[in-house]
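The block underneath contains the structure these notes are about, expressed in structure tokens.
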Protein chains: 2
Amino acid sequence: MAGRAVYAKGIAKREEILGAALAVVAAQGYRGASVRDIADAAGLSPAGLLHYFGSKEELFVAILQARDEHDLRTYADQDATAAFLAVIRHNASVPGLVQLYAQLAAAAGDPAHPAHAYFRERTALLEEPFRELFAAAQERGEIRDDVDPGWIVRTLRVLADGLQSAWLVDPGIDMPAHIEQFLALLRPLPATAR
Amino acid sequence: MAGRAVYAKGIAKREEILGAALAVVAAQGYRGASVRDIADAAGLSPAGLLHYFGSKEELFVAILQARDEHDLRTYADQDATAAFLAVIRHNASVPGLVQLYAQLAAAAGDPAHPAHAYFRERTALLEEPFRELFAAAQERGEIRDDVDPGWIVRTLRVLADGLQSAWLVDPGIDMPAHIEQFLALLRPLPATAR
DNA sequence: GTCTATACGACGATAGAC
DNA sequence: GTCTATCGTCGTATAGAC
């Protein structure tokens, strides 16, 4: 069918633009990534680019959404905390993406910014299964039962986000090790200690 | 002396501009705060404003510096963790300032951005005394001695920064309570438990 | 649906007069 | 120290070609 072929081409072009945008951000930083630059890198006019994404801000949000979908596919079979750590570990190899994420996470404070709705949904969707997971781990006695699972999940998220911003400023920070230290703090003290 | 009067006027005008800039950010958000808007609010032309601060980015960094100095004066006499919590508590009443801080903390990932140097210095200066403080608390047995004081301090900073970004997206978050829960986790388990 | 060319208003910043 | 005038760049709306 002709309609399907055209549609498929649109999908492919969209992904090509997302890749070009990420490359420009990685090469020139978030500040230096103009719509014109990204359009050039994708072999398109600025107006052609905006035909797909509506605005620069929506384009950037679409990059994060594509990353989420990729991570979900890649780490779906693993244990949740292992997957979480794997994502953090992988992020240290894509500073451009981390910079984009940090910028949009800050911009999301403005309710009128497209990133606002994205982060609200993402947070709600991501936190729920993790909460149940930690509650189950508490019942198994694997982690302290005197802390609210909701607090644990929120802390992990906020810690990971803050760590990534801090890592951009000081790449010497070992993000996975930092997170693991926090997880270690949640384990109940052995009865034989002290 | 004439020289002194002129200098004093420059200082006063600088602070007036800082106040106007913060008011504009609070009213219109970080995105909506243009140099022209801020200059209007301060009763100045855009060029007149930039005479004092060089660039928009430096102006915003100057706001954070002024806040730091104010906080230092206000909470210097208190216990360090009490002061830390007091700042966090106060921040919940100035969302414009928090938004500005979150945006610049993300922008600091770019080494060419004025916020980069600011955050590097601030972090180094702030973390050192806190590290010694927690090390001392460990020797007194007030907090667990199996965690690195450097890790604690970095976690507190990163947690506070991340929490503020998250709070902008979801103002329902109780930032001080969240931090206090973390501090509670650092206390050694009582010997009588279990 | 896909895309280009053109144009517009707002932006941050600079030069130079006063 | 502060202005006006102006510059180049930005994001993006519009009109219309294919």
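A, B, ... follow the sequence lines: proteins, then strands. Residue 1 opens every chain. If you're wondering where the values come from, they're calculated on a predicted model, not measured in any experiment.
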* **Linked, directly or transitively: A:Leu64 and A:Trp167 (ILVMFWY side chains, under 4.5 Å)** => no
* **Atom of A:Leu18, atom of A:Ala62 and distance for their closest heavy-atom approach** => CD2-CB, 3.9 Å
* Structure fact -> Quick note, salt bridge (charged side-chain N to carboxylate O under 4.0 Å, His left out) partners involving residues 25-42 of chain B, not counting sequence neighbours, are A:Glu57-B:Arg31, A:Asp110-B:Arg31
Can you measure [X] atom [atom1] to [N] atom [atom2] for me and round it to whole angstrom units?
X: A:Arg36; N: D:dT9; atom1: CZ; atom2: P; answer: 9 Å
X: B:Arg31; N: C:dA10; atom1: CZ; atom2: P; answer: 17 Å
X: B:Lys13; N: D:dG1; atom1: NZ; atom2: C1'; answer: 10 Å

* To do: May I ask you to say whether B:Arg187 pairs ionically with B:Glu142, meaning some side-chain N is under 4.0 Å from a carboxylate O?
  => no
* How long is the gap from CZ on A:Phe119 to CG on B:Asp170, to the nearest 0.5 Å? -> 14.0 Å
* Asked: If you round to the nearest 0.5 Å, how far is CG of A:Leu104 from NE2 of A:His116?
  -> 13.5 Å
* Which nucleotide, C:dC3, C:dG12, D:dG11, lies nearest any side-chain atom of B:Val35? -> C:dG12
* Asked: What parts of residues 100-113 of chain A reach DNA chain D, counting only heavy atoms under 4.0 Å away?
  -> none
* **Any residue of residues 37-61 of chain A with a heavy atom less than 4.0 Å from an atom of DNA chain D** => A:Pro46, A:Ala47, A:Leu50, A:Ser55, A:Lys56
* Asked: Counting only N and O atoms by type, is there a donor-acceptor contact under 3.5 Å from the side chain of B:Lys13 to the main-chain atoms of B:Ala8?
  -> no
* What is the ring orientation for B:Phe60 with B:Tyr30, classed by angle as parallel under 30°, tilted 30 to 60°, or perpendicular over 60°? -> tilted
